[in-house]
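This report concerns only the one structure given below.
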Amino acid sequence: MNPLVLVPFVLIVVPFLPTFMEIFRRKDKGPREIPEQTTYEEKPDVEVPRLERARSEARAKEPGEVIRVTGNISIPDGTEIDNHLVVQGNLKLGKNCHVHGSVKAFGSVEIGEYSIIEGHVLSEGDVHVERESIVRGVVDSLQEVILEENAVVEAVSTEKTVKLGPGAKINKRVVSGTSIVCIPEQPLVSKVEPPYGHPPREEHPPVTLKQIQPAKPDEEKPMSREAIPSYELPRLQEPGTKTEKITDQIFGCLEDRIRKFDETRSKSVEGVKLEGLAPEEVKVLKVAYACSSLEEICLRLLMDPPEVQEILNSLIMKGYLDKNLKPKKSEAGEGLQAKVSEKVYESKTRELTRSGAETKKIEEKIKGTSKEEWRPPDNEATKPPATEKEDLNNILGEWEKVSSLVWGAKEKKERHDSTDSRSQNSTEQTRTLVGKDSRMVLEEIRKDESSKNEESEEVIHGSERIEKRPYTYGDSSRSFGIAFKSLFKSATLGNIAARCVASGGTFFLSILTLTALLLAEISYYSPNSVVFLGSILPFNLTVWPIFLALAIGSGIMSGLTTLKYSNQRRSLNDDSGGKIRSG
Amino acid sequence: MIFSILIFTLCLVMVAYMVRHLVFTYSALFGKPRQFVRSFKRIVGVYAPKVTVLIPAHNEELVIGNILGRMTGLTYPKEKLEVLVIDDGSTDKTGEIADNYATKYSYIKVIHRANGGGGKPAALSEGIKFCNGEIILTFDADYYPQLDIIEKLVAPFADPEVGAVQGRVTVLNEEDSLVSKIVTLERIGGYRIDQQARDELVLIPQYGGTVGGFRKDALEKAGGWDASMLTEDTDLTIQLVLHGYQIRYVNDAEAYEEAVTTWRAYWNQRYRWAKGHMQCAKKHLKNVLRAKHLSRYEKIELTLLLCIYFMPILVLIGWGIGVGAYLSKEIPLSLNIMGPYFLILSVFTYSTMGNFAPFFEVGSAVYLDNRKRLLWILPALALAFIVMVFCCSKALVDLILSGNKEYRWNHTFHNGNGLNGRNGGNNDHINVDGRLLM
């Protein structure tokens, strides 16, 4: 008998050999030994090639100049390392660390504040060099490189973006695959917890809070200038969507304008008729416009308080100042200012609602205050000159124009992209906002608040405002969908067919060959089985050479197709070698 | 029975090499390039340590001027570059030409060895004493490198694990003869696929002794060059790996060489390589297999690398076994195949099994390099393989018989063919700078 006929059967039996060995293995009848300590090797989060892992594991068996770590590692503050560091995972270096060598990581690298790396930093993930840190070599990364405030590195090279904080320094070359971005200076921030139901957004920095307490009208102490809503918007450390940037810019622009307007009002004493006033009274009046309290006036003029008080009483009696030591403003100016403050308030409310803000707290906060508090304090003594009126009208006009453009476009986007139910609700709300009177909208919002019981981190009080970027689970799925679509768009029908042939041919080649061989052997040595198999199979067994030819043919086809396809791919992607030369 | 066992063993070894070559070829054709390999491309030109370039030369008056002229045109910052020419007991104008360059350029220096001619390792060992650079690169005198080759070769050293680096060698004078075409094919296959795949598969690319370099402190740890080895590059490669360093291959860093043009020169060159590799196998194989810090893949690869010049000998043995099996009327595997057919089959089968994968590798490399016209010459590679069979066999026999005697360094003559098309000649047409006058 030809021994070749046994080959297929042997191939079937071989995978079951360990099972047979296990059955007949001598069993240990003693008690199971329970280890005192169990150490589990943590698999790195990052994908490390198998051969690289094998190499690193082997190298770790003998000490050398390189410290090798498998998995993620976080080095405590103040650590000094005299060797090179190779990490098969993510590396987080604490503050004030000193590495007398280079650092190589397969994941991301985070270098703490005031740390020093004497060598290079090579990473396949993000590299984050925190403030005041120094890297005396090259920082190379396949992802983003972020240099925070006053960080110093020798050179940077990356496939993605380089982000530079204020004062960050790169002594030599910067190579970026996409862009180099300067991060503006940010104030120190405090953490804000995400609202109920939202996952913590670690990647988004906490929001800046600026507490401003506008004084209530019934307070005896005159309002300070700081109590006036400065309309200064808290800014996120990392700018969010493009739309938020525009929003910030709009509000920033408005605030600047309003601030300037406020400042000009302080100089409006020039328009006031000062006839009949003593020189000292004039001097005090000018200072009173810029100051907010008796003590301040005394300090500025270096005069005795009783003397200043006497002059102020005189000015009040003459009608130049009111009881709060503020210049009296005109009605027209008051009306314009009220309109500005109202518009800004409504725009802020609209923005918060659009971003899915909880309005319950809005109502609570608003209840305690009145709209009048948003308005700047009375100023009866001055009439804004014509130029100021034009300024205000210009501000309002520009704001109307830009806000309709911005929020109109934003609404369209939200309609398409929003998947979160809450954001959908907010979208529906905001949909109603456009085109409607803002006052009516505000009332609608107040009505809806009572139906919602969720907590909110949104606070509105005076000029307080927290910008919240709602987390949508659709972000990651959206990007995947876009990538998938683009992949299909770029793949032509021919390429798809070629891939199907290549993968199908390669997969079925082995099965066809084995089947053909098995059937050939059976038919040769067992003629009776030919009849049996022929009765159950739809084809004639004597055509086994065709089987073989099909198998070989599909193998060749798949090989050629894959070769051609990979060559095309290589000619597009391969820039490391294989220079094209004329034949 | 004995013949069957021998044939079976031979087949196993040949299959191992065949699988190795096929894995490399498939990796080059279908494998995804490792992302981390590309990182050094971004660092090129950014990381610029102090570099010393060593150029050992023995009677190279026809070509030394070309490489030194090229050194003056390098884009690497000259304040961080040092070129050291080692005039290894030359009897021609090599020293004079090098001195002319040294007087004009401050970063070019020349060392004259009165007792030279003992081989390249001895010359390099002498030169290393005068090196000031952190990284040492070596070029043969007949090479013509790219102007930005230093930056490309130095970039991988930003990785603290890298101890040595190898660039790509391209033949410049391939049109000179059939032999130079065959050498071109071998070079393309060896670098474009073999070295590239070993780099991408985290195995061990080989430092080839030229168009490459290493860290100075790594060389000191490895014990420097062994003057008794004919292939000091392979010896250094193994030494560095045994000391835990990594070797990287840079496909972009190209230098052009003048290939041998005659069968005699081909034989001499391959004889030296074969003998040197066998020396290294004798010296290092045990240490490689015992090393705890090498992964099993690295051990397998190093073993196959060290024993690669034994493969042609196995082919010769296979022919002999086939003839013996036929004459003794022992037909293995009971296949009922006619005797003469089996005799012919033994010649081609072992050649095919032993050489098919290299053929496939070289063919794929040429295809990837878009050198389709060279594919027509591919069957001529079989001639080279047959020459290698006898060359390697002689090398093994000489190695066994010579014992610990010193080995004679056979210098390969270079006549500057690649750069000016002239076939050598007298010294009258060489100008002061060492360049051939057209």
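So that the names make sense, note that chain A is the first sequence line, chain B the second, and so on, each numbered from 1.
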(request) Against chain A, work out which of B/K292, B/H243, B/R296 has the most heavy-atom pairs shorter than 4.5 Å and name it. (result) B/K292
(request) Step by step, work out the side-chain contact (heavy atoms from CB on, under 4.5 Å) result for B/E298 and A/R55. (result) CA-CA 8 Å; B/E298 287 173 315; A/R55 189 186 145 270; 3.3 Å; yes
(message) Minimum heavy-atom separation for A/A58 and B/L294, please, with both atom names.
(response) CB-C, 3.3 Å
(request) Sort B/K221 into side chain, backbone, both or neither according to what part of it lies under 4.5 angstrom from a heavy atom of chain A. (result) side chain
(request) Examine whether an atom of B/Y297 lies under 4.5 Å from a heavy atom of chain A, and if so say whether it belongs to the side chain, the backbone or both; otherwise answer neither. (result) side chain
(request) Determine whether more than 12 heavy atoms belonging to other residues, nucleotides or ligands lie under 6.0 Å from atom NZ of B/K299. (result) yes
(message) To check you understand the geometry: which heavy-atom pair defines the closest contact between B/D159 and A/L122, and what is its length?
(response) CA-CD1, 3.6 Å
(request) Return the minimal non-hydrogen interatomic distance between B/S295 and A/A54, and the atom names on each side. (result) CB-O, 3.5 Å
(message) I need the B/F157 CZ to A/H120 NE2 distance, nearest 0.5 Å.
(response) 11.5 Å
